[in-house]
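Shown next, in structure tokens, is the structure this report addresses.
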Amino acid sequence: MDMAKTYNPKDFEEKIYKDWEDKGYFKATPNEKKIPFTIVIPPPNITGQLHIGHALDESIQDSIIRFKRMQGYEALWLPGTDHASIATEVKIVDQLRAEGLSKEDVGREEFLKRSWAWKEKYGGRIVEQLKRLGSSCDWSRLAFTMDEKRSEAVKEVFVNLYRKGLIYQGKKIINWCPSCKTALSDAEVEYAEEPSNFWHLKYFVKGSDDYIVVATTRPETMLGDTAVAVNPKDPRYKNIVGKTLILPILNKEIPVVCDDYVDMKFGTGAVKIIPAHDPNDFEVGLRHNLEVVRVMDDGGVMNENAGKYCGMDRYECRKAIVEDLKQSGNLVKIEPHVHNVGHCYRCHNTIEPIVSKQWFVKMETLAKPAITAVKKKSIKFIPSRFSKIYYNWMENIKDWCISRQLWWGHRIPAYYCENCGEIVVDKQTPAVCPKCGNGKFVQDEDVLDTWFSSALWPFSTLGYPENTEDLKYFYPTDVLVTGYDIIFFWVARMIFSGIEHMGRIPFKDVLIHGIVRDSQGRKMSKSLGNGIDPLVIIDEYGADTLRYCLLNGISAGNDVRYSPEKLEGCRNYINKIWNASRFVLMNCEGKEIKTELSEIKLSLADKWIISKLNSIVREVTVNMEKYDIGLACASLQDFVWSDFCDWYIELCKPSLYGDDEKKKIDTASALCYVLKTILKLLHPFIPFVTEEIYSKIPGAEGSVMVSEFPKYNSRQGYKTDRENMSTIMEIVKSVRNIRSETGAAPSVKVDLYLVTDRRKVIADAKTYIERLANVNEIKFFENKDEIEGKTVSKILAGVEVYVPLGELVDFEKEISRLKGELENAENEIKRAEGKLNNQGFVAKAPKALIEGERAKLVKFNEIKLKIETAINELESQN
RNA sequence: GGAAGCGUAGCUCAGUUGGUCAGAGCGCAUGCUUCACAUGCAUGAGGUCGCGGGUUCAAGCCCCUCCGUUUCCACCA
């Protein structure tokens, strides 16, 4: 036995992980004799470093997969990484910029070369970091969203959807990021309120001094106005409808149209219409057949349609236009106005809605069965409230813009005939044009939304489009673990994709967790500088501590708070486990430890702890099966620290330090058994330290990681022993309490007088009381009168406890303390009587409950009587 | 505008189907250099379970109003 005095994870974490890997414990293969249990990892971006959010997500998944593996499932945790189209491209562009180059300078081919090089260099970084956490992924299956197999799946899906008419190309208004210079899906836009202004502009009626006032938050867009709209019911504008207005600055003629979309109560009730740069205006434009005039280019710079403003940045132009309008008298007023502005989820620049030709996925038909799957509970969100969020999104879903004007990603498998322009969508470049017979094609320049490939993740990782053994065995996966922030991006899209392409749901459960916040409840962010690096924590405290810190007490769907104090508390707990184990192992040294429970002669304490352990086994199992990891950890911790360490180990000491060699061996063996079971229960959460300790336990062969998870044993109830033990514990607590209240030093042995009819039980367990309460001698008495000298008392149900403390006894204090306890008992009696006197309660409450109240009444009446006697006696003595 | 969560001890949070349910950890106070652990042990103080109503024999738990707080969705120019 050689264990350091304190838990030091650096001594073994790396070694243990390597050992698991070498032994192939993480690998899963289709096995007809076992039931599969599958989790696919939410693939981290190759650009990313492990952050605390990953740490939480992976810790949850790892604890689940380890639990299931120990339960005997063929447990597969399938790892991989995501190419993160925009995020990675931004990195490469930055890299180029540092060299004074642009994307266009190097060209597509060179750009992709650099991207792949970057992926090779940094893409594995996050994988190594996941390993440090202890993640038991089957690394032999490591997938990448842009590797050959996944690309194959992407092409297959794209072509299929196209042929079904579910993918189409169209010129529509989309979200455009002028900084990333690409289209974005609706989900990729984040809205934030910003203080801005309402600029009220005067548009004159052609050939008249009449005018109409429109209000706008983006005055620079007036250059692209092709109408002004008013509500048809608005009496204010009755006379102006159908007339022609003169657009200031450009002096262009535009009509006044009627549209129900206009809210009469908002602004001036007249809206300038710019179909090219506003989603609603675009719709109005369609209805009224308006001209679509783009005034901005892809970089947010005003274009040739902007006249003299051409070449100006959008905000620069705003200033200039406002100034010009003021000069020309077209600016009526400026009103402060807070408005909600869309930002790119990657670069956080303000997005511009623009009209552009893009590829879309038709959502209506795909969404329907995806909604049904959740409604019918084929897929369950945990907690269930997230299904509402899901419905809300799915039921109002618009077509998904999937093309991106980027280079890093899956290039869209659409080919244009160089001769006639015919579009051919196929997995490879077509040989001849089906329309004109020409053989030259150009592939579409765009790539697909990153989320298009991640949507296929649960089946693309298992071999799709081929119908592999893996796919047949491991699909559908069992649980998807992720944060609520990517329900739309990812979860929803996997659901409709799985149903559409596999004909089956991709997973049965979706376990949603929250985000990790700092000790003040704030989101961790770069700008606040309150983020913490999980790798630094692992270095300092070990992976187990970090994992446990994130897992203990979490509940599905709720955020977790991180604080250094909490981390330290977790470290202390593991240190406690470490030291308790050290104690057990020290006492096993040189002994023939019995590994079978049946060979051990069990003491009262043994039976008590085994019975409690058995209950905990059930509790942990039930909670883990519900994915209630936080509860599993918490109840286990309570058991380990309080029952096992503070009570059981102490209860074992008399026999361990005694003379009875046989008893010593039995006690050590029982300790070993309990410890071994505890380590198994703890392993899913803190795998390293449990493995390290397990390897030292006599008779524990192999690895705890692949050992069998403890099962509830209905024959280990030991009801009587449990009750007896709790009486003993009550007595011990009473003596300790008496010592503390009278100031009697804990190191001084005292005698203990008991009046009880449970002499046998207590006498059999007297060594426990002697040790734990530091008692010299226990004496039994028929009744209180026989006891001589000054004592301090505690009246329990069935036992009266008296500690002779001589001069330390303060009658006044003792009387007031007893009176307090008397009041307590009286309150209990009152409460029980109240319930039992209630006709309704007696008539309607369950029998067991009524019996319980009756028993309580009897018990407290007895206690009350004895306390009264004790008080009377003290008062007469005083 | 729509939806959801949260409000329980000084702090952070548990609390399943209404009934041993008023809890844990931290912090605080007091006492312990006991042979696993001071990253520890023992003992203790602390709460109108946000406010007000309702349902029930019985309500942190179910229903309603309100207050405070957080988040998501939509978006009106």
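No hydrogens, no waters, no symmetry mates; every other heavy atom, side chains included, goes into these values. A note on names: the letters A, B, ... follow the listed sequences, proteins ahead of strands, and every chain is numbered from 1.
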> Got a sec, which residues hit salt bridge (Lys or Arg N to Asp or Glu O under 4.0 Å) with A/D518, two or more places apart in sequence or on another chain?
Replying inline: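 Scan of A/D518 (salt bridge (Lys or Arg N to Asp or Glu O under 4.0 Å), adjacent residues dropped) gives A/R522.
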
> For A/R318, which residues count as a salt bridge (Lys or Arg N to Asp or Glu O under 4.0 Å) partner, sequence neighbours excluded?
Replying inline: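 Result, salt bridge (Lys or Arg N to Asp or Glu O under 4.0 Å) vs A/R318: A/E220.
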
Pairwise N/O distances under 3.5 Å, protein to nucleotides 53-57 of chain B:
| residue | atom | partner | partner atom | Å |
| --- | --- | --- | --- | --- |
| B/rC57 | OP1 | A/K844 | NZ | 2.1 |
| B/rC57 | O2' | A/N838 | ND2 | 2.5 |

> Of all residues at least two apart in sequence or in a different chain, which pass the side chain to side chain donor-acceptor pair (under 3.5 Å) check with A/H288?
Replying inline: A/D259

>> According to side-chain contact (heavy atoms from CB on, under 4.5 Å), who are the partners of A/N737, at least two apart in sequence or on a separate chain?
In response: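 Expected list: A/E741, A/K794.
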
> Quick one, which residues of residues 259-268 of chain A touch RNA chain B with a heavy atom under 4.0 Å?
Replying inline: A/Y261, A/V262, A/D263, A/F266

> What string of B, S and - do you get for nucleotides 39-45 of chain B, 5' to 3', when a contact is any protein heavy atom under 4.0 Å?
Replying inline: BSSSSS-

> What is the per-nucleotide protein-contact pattern of nucleotides 11-17 of chain B, from the 5' end, where B denotes a base atom under 4.0 Å from a protein heavy atom, S denotes such proximity for sugar-phosphate atoms only, and - denotes neither?
Replying inline: -SSS-B-

Show which side-chain atoms of residues 845-857 of chain A pair as donor or acceptor with protein atoms under 3.5 Å away, not counting sequence neighbours.
| residue | atom | partner | partner atom | Å |
| --- | --- | --- | --- | --- |
| A/E851 | OE2 | A/R854 | NH1 | 3.3 |

> Which part of the nucleic acid does A/K749 contact within heavy-atom distance under 4.0 Å: base, sugar-phosphate only, or nothing?
Replying inline: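 Touches nothing.
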
> Is A/F488 touching bases, backbone alone, or none of the nucleic acid, heavy atoms closer than 4.0 Å?
Replying inline: sugar-phosphate

> Please, what dot-bracket string fits RNA chain B when only Watson-Crick and G-U pairs with both distances under 3.5 Å count, crossing ones use [ ] and pairs to another strand use |?
Replying inline: (((((((..((((.....[...)))).(((((.......))))).....(.(((..]....))).))))))))....

Distance-only donor-acceptor pairs under 3.5 Å for side chains of residues 570-577 of chain A, two or more places apart:
| residue | atom | partner | partner atom | Å |
| --- | --- | --- | --- | --- |
| A/N575 | OD1 | A/Y7 | N | 3.0 |
| A/N575 | OD1 | A/N579 | ND2 | 3.4 |

>> Per the salt bridge (Lys or Arg N to Asp or Glu O under 4.0 Å) rule, what does the pair list look like for residues 620-642 of chain A, sequence neighbours excluded?
In response: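 Listed by first then second residue: nothing to list.
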
